[in-house]
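The figures that follow rest on heavy atoms only: side chains count, while hydrogens, waters and symmetry mates do not.
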2 protein chains.
Amino acid sequence: MLRLTKKADYGLMALKYLAEQAILAEQAGADLNLSGARSAKDIAEAYHIPPQLLAKILQTLARAGLLVSHAGTNGGYALARSAADISTFEVIRAIDGPLFITSCITIHGACDLAGHCTIKEPLRKVNDSITTLLSGISVADLTEPADHLPAAMAGGLVSIER
Amino acid sequence: MLRLTKKADYGLMALKYLAEQAILAEQAGADLNLSGARSAKDIAEAYHIPPQLLAKILQTLARAGLLVSHAGTNGGYALARSAADISTFEVIRAIDGPLFITSCITIHGACDLAGHCTIKEPLRKVNDSITTLLSGISVADLTEPADHLPAAMAGGLVSIER
DNA sequence: GGAAGCAAGACCAAAATGGTCGTAGATTGA
DNA sequence: TCAATCTACGACCATTTTGGTCTTGCTTCC
Ligand code: SF4
Ligand code: SF4
């Protein structure tokens with residue numbers, strides 16, 4: 001349960017990598033207009049993950065507007081926004097789809113027992129809590145050594161009140 | 001992603017049901033020693049879920065020590081502890097196994113990229129946060145209309161500090 | 001015009017999930 | 001004692017999801 005798919009996992013790694021590259025590019029000076037773009041192959045090699053698969057993941061991410069792509073020689077992907085502006089929630093949702101804990105929430109009107117299900121509402125709140133938690137964590141937060149305590153999210157998690 | 005399996009879903013429903021039965025039994029007076037036990041079939045019918053499947057789920061729950069079972073006529077399952085004392089986390093883990101968001105955490109020493117994976121640690125913290133969130137929610141909390149704001153969990157969620 | 005890169009989709013194998021069946025053992029009420 | 005109820009457990013199966021590959025085509029730069 002509550003398993004993050006490997007695709008999302010890969011996606012986050014790639015995002016983090018690109019975030020780092022963006023920083024490097026910035027440090028290298030503005031005269032060199034290195035946008036920090038990297039090819040899918042580069043990233044795949046850096047982390048030893050199947051290149052073709054990563055390519056597809058990056059494509060979805062690009063389609064979702066989290067990355068910008070540039071074709072052709074020396075092309076590749078780069079962050080569409082600042083790393084601090086991309087939440088892990090967006091990434092995960094873009095890759096794994098908007099599915100969330102209970103079937104009812106995502107399949108929308110699906111679950112045939114929705115009528116006599118008494119557990120639905122409470123669970124929706126748990127779901128919301130996790131959403132807010134994830135939303136509060138940006139890709140930039142991942143790059144830091146984590147001692148930095150990114151105490152971004154406070155409200156919405158503490159209680160399950162409606 | 002982050003999908004709760006249907007089994008866990010069913011399990012929670014059953015737990016909640018038993019919690020309610022326990023309360024009813026208590027109200028009925030101590031002279032009738034109704035322990036609030038219900039057969040798997042009863043619960044399955046109440047919620048329209050496949051009886052055989054529910055039976056298996058209850059069995060696992062019983063093995064995990066969350067329920068006590070009693071065979072024979074008028075047998076069935078009852079809560080092993082107070083509803084307020086059973087966290088949703090326990091239930092979910094008992095049913096779906098100890099699997100959690102990243103493969104590395106659960107498969108233990110598995111993920112072959114564990115070496116060059118930079119995302120691992122931060123994710124483990126997210127994982128912990130969710131764990132604490134779930135741990136803070138008891139089965140009893142599920143039975144309430146939820147206006148009651150069970151603000152049980154405070155610490156551990158707010159930040160991802162180490 | 002190529003080489004290097006992205007884009008998209010069909011396709012596939014393996015694993016997880018959801019669910020069934022059959023059989024065996026405990027308990028109790030008649 | 002014996003039949004009706006229950007739990008207990010394992011084998012089994014269908015469907016879905018996941019992870020991953022291949023192929024083909026289109027862009028951009030030199
Ligand atoms: S309605 Fe109830 S049973 Fe159906 S998916 Fe939602 S929580 Fe689960
Ligand atoms: S080590 Fe990294 S890549 Fe492997 S499962 Fe853990 S987070 Fe994912």
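The CG atom of Leu66(A) lies 5.5 Å from the CD1 atom of Ile86(A); values are rounded to the nearest 0.5 Å.
Atom-to-atom, CG of Asn74(A) to C1' of dT28(D) comes out at 10 Å; the value is rounded to the nearest Å. Distance Arg38(B) CZ to dT7(D) C1': 17 Å, rounded to the nearest Å. Distance Tyr77(A) OH to dA4(C) P: 17 Å, rounded to the nearest Å. Look at NZ on Lys7(A): it is 12 Å from C1' on dT21(D), rounded to the nearest Å. The CG atom of Asp96(A) sits 12 Å away from the P atom of dT17(D) (whole-angstrom rounding). The interatomic distance linking Glu45(B) (CD) with dC6(D) (C1') rounds to 14 Å, in whole Å. Put simply, CG on Leu67(B) is 11 Å from P on dT7(D), counting in whole angstrom units. Here dT7(D) presents its P atom at 13 Å from CG of Leu61(B), a figure rounded to the nearest Å.
Phosphate contact (OP1/OP2 of dA8(C), side-chain N/O of Arg63(A), threshold under 4.0 Å): present. The side chain of His70(A) contributes no N or O atom lying less than 4.0 Å from OP1 or OP2 of dA4(C). Contact annotation: Ser69(B) side-chain N/O to dA8(D) OP1/OP2 distance is under 4.0 Å. Applying the 4.0 Å criterion to OP1 and OP2 of dT18(D), one finds that Tyr10(A) has every side-chain N and O outside that range. Between Arg3(B) and dT16(D), a side-chain N or O to OP1/OP2 separation shorter than 4.0 Å is absent.
Nearest-nucleotide mapping onto DNA chain C: of Pro50(B) and Gly72(A), the residue sitting toward the 5' end is Gly72(A). Where Leu4(A) and Gly76(B) meet DNA chain D, the nucleotide closest to each residue was compared, and Gly76(B) sits on the side nearer the 5' end.
Residues Ala55(B) and Tyr77(B) come closest through the heavy atom pair O-OH, 4.0 Å. Scanning all heavy atoms of the two residues, the minimum distance from Val139(A) to Ala19(A) falls at CG1-CB, 4.2 Å. Leu61(B) and Ala94(B) make their closest contact through CD1-CB, 3.9 Å (heavy atoms, listed as atom of the first residue, atom of the second, distance).
Under a 4.0 Å N-O distance rule, the pair Arg38(B)/Glu45(B) does not qualify as a salt bridge. Taking 4.0 Å as the cut-off between side-chain N and carboxylate O, Arg93(A) and Glu90(A) do not count as a salt-bridged pair.
For Ser39(A), taking side-chain heavy atoms from C-beta onward, the closest of the listed nucleotides dT7(D), dA4(D), dG5(C) is dG5(C). Checking dA26(C), dT28(D), dC6(C) against the side-chain heavy atoms of Ala40(A) singles out dC6(C) as nearest.
Across residues 51-58 of chain B, Lys56(B) each have a non-hydrogen atom less than 4.0 Å from an atom of DNA chain D (numbered order).
Contact check for Ile43(A) versus Leu58(A): side-chain heavy atoms found under the 4.5 Å cut-off.
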